[in-house]
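Taking it in order: structure first as structure tokens, then the write-up.
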Amino acid sequence: MQRIGVIGVGEIGRAIVAGLSGGDEQAPEIFLSPRGARAAAELSARYAGVQVCADNQEVVDRSDLVIIAVRGPDRHEALAGLTVGADKIVVNVMAGVANEDLRRTLATDAALVRAIPLPPIRERRSVTVTCPSHPVVDALFDRLGGALPVADEAAFDVFSTVTGTLTTQYHFLAALTSWAVAHGVRSDDADRYVRSLFLGLAGTLGDGTRSLEQLAADHETPNGSNERIRTTWFTSANSEALHKALDDLLAVLRQG
Ligand SMILES: NC(=O)C1=CN([C@@H]2O[C@H](COP(=O)(O)OP(=O)(O)OC[C@H]3O[C@@H](n4cnc5c(N)ncnc54)[C@H](OP(=O)(O)O)[C@@H]3O)[C@@H](O)[C@H]2O)C=CC1
């Protein structure tokens, strides 16, 4: 796949371009939509294979595979009226926008594949869920850290829901830090220590030989501090509240 278009050069569009352009192998040619001119110009200045197009139709025309990375509500303005030939491959990364919905907007017979790329794709460190499996799209994301094709959009929505918990993790860490500061610890010390704790945790996640439950058990002394916080804070009521929030998000994503 040598010619890739990106419509929507925002946070995730830029991460995809950086990931595709930053490897040792020959980078594909990449064609960007013109909106967000500064970001597009920066990318084309940094990477030899990146060009900014005059409009979204030119992005489609010059590409074999087109990635749609605008915010969901902007899709009609960005896409309605475009001509997308049946020979193209369209990758839909818009959260909560089903392929049938996108097909109506684009009025095309092209192959449509949903995907959940995440910002670490920039460094090729993120597994991307795709649906349906498509050899070209899966090969593209394999290059960026791994593809995880799933059987149907019902399963895809479950992965989207799990992805929706990411920023809560940052807020959890911020809550630990502010609690420590409220108890008289210097803010930069608390920040440094909390980051270090959880960077260490991230490292252990790379050990696929141990289940998540096993990793937790291996870090927990019987009757110790970790067990105490887990059993007094992450109670079954807390766990049920989390499942309820996930169920509610899943229902919203399935409504589209
Ligand atoms: N950020 C993330 O981690 C992830 C995001 N996504 C999905 O990716 C999509 C983009 O998210 P994100 O990158 O965060 O959003 P951003 O707001 O950062 O980027 C969206 C970009 O689309 C541009 N845009 C808007 N309208 C048009 C148009 N008519 N033609 C061309 N470009 C247009 C915007 O320009 P302007 O700023 O001028 O409005 C902006 O640059 C969303 O649908 C989101 O659900 C999926 C997975 C992860």
Side-chain angles (χ1 to χ4, degrees), residues 1-33 36 39-53 56 58-70 84-95 97 99 102 106 108 110-153 155-160 162-163 166 202-203 205-209:
M1 181 56 54
Q2 287 310 313
R3 294 182 303 163
I4 295 174
V6 179
I7 296 180
V9 189
E11 174 68 23
I12 206 65
R14 291 196 297 273
I16 293 170
V17 173
L20 286 170
S21 306
D24 294 332
E25 78 287 343
Q26 187 182 354
E29 277 189 276
I30 299 179
F31 301 97
L32 304 180
S33 55
E42 275 172 21
L43 289 169
S44 71
R46 191 177 321 150
Y47 302 114
V50 176
Q51 298 172 50
V52 185
C53 294
N56 294 349
E58 189 188 343
V59 176
V60 174
D61 293 344
R62 299 184 74 178
S63 309
D64 306 307
L65 180 151
V66 183
I67 298 170
I68 310 294
V70 296
V84 180
D87 56 330
K88 306 280 180 185
I89 301 166
V90 177
V91 179
N92 165 18
V93 310
M94 296 176 288
V97 178
N99 277 338
L102 181 60
L106 288 174
T108 180
L112 303 188
V113 179
R114 291 183 78 179
I116 316 174
L118 294 170
I121 207 168
R122 189 185 298 275
E123 295 95 26
R124 304 186 166 196
R125 285 193 295 111
S126 176
V127 170
T128 300
V129 176
T130 61
C131 177
S133 181
H134 186 291
V136 173
V137 178
D138 292 346
L140 178 93
F141 288 115
D142 267 336
R143 223 199 293 170
L144 299 179
L148 176 55
V150 297
D152 52 36
E153 286 191 85
F156 185 90
D157 288 336
V158 171
F159 282 98
S160 286
V162 171
T163 311
L166 267 181
L205 289 176
D207 174 6
T209 65

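Closest heavy-atom contact between Lys88 and Val60: NZ-O, 2.9 Å. Heavy-atom minimum distance, Ile121 versus Ile16: CG2-N, 4.0 Å. The two residues Ser63 and Ile4 come nearest to each other via the heavy atoms OG-C, 3.6 Å. Across all non-hydrogen atoms, the minimal contact from Arg114 to Asp157 is NH1-OD1, 3.5 Å. Here the closest non-hydrogen pair linking Ala110 and Val90 is CB-CG2, 4.3 Å. Heavy atoms only, all atoms of each residue included: Ser21 and Ile30 are closest at OG-CD1, 3.6 Å.
To the nearest 0.5 Å, atoms CG (Leu20) and CD (Glu25) are separated by 8.5 Å.
Using modelled atom types, one side-chain atom of Glu153 and one backbone atom of Asn99 make a donor-acceptor pair closer than 3.5 Å. No side-chain donor-acceptor contact under 3.5 Å links Thr128 to the backbone of Phe141. In this structure a side-chain-to-backbone donor-acceptor pair under 3.5 Å is present from Ser33 to Gly8. The main-chain N or O of Leu112 is never found under 3.5 Å from a side-chain atom of Asn92 such that the two would form a donor-acceptor pair.
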(Q) Between Arg14 and Glu42, does the side chain to side chain contact (heavy atoms under 4.5 Å, CB included) criterion hold? Intermediate values first, please. (A) CA-CA 10 Å; Arg14 291 196 297 273; Glu42 275 172 21; 6.0 Å; no
Q) Please walk me through it: do His134 and Leu140 pass side chain to side chain contact (heavy atoms under 4.5 Å, CB included)? A) CA-CA 10 Å; His134 186 291; Leu140 178 93; over 6 Å; no
Q: In sequence, state the C-alpha distance, the side-chain angles, and the governing distance for Ser126 and Leu144, and then conclude on side chain to side chain contact (heavy atoms under 4.5 Å, CB included).
A: CA-CA 7 Å; Ser126 176; Leu144 299 179; over 6 Å; no
Q | Check against side chain to side chain contact (heavy atoms under 4.5 Å, CB included), Val150 and Val129 | A | CA-CA 7 Å; Val150 297; Val129 176; 3.9 Å; yes
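Side-chain contact between Phe31 and Val66 is absent, with no heavy-atom pair separated by less than 4.5 Å.
In Tyr47, the OH atom is crowded: over 12 heavy atoms of neighbouring residues, nucleotides or ligands sit closer than 6.0 Å.
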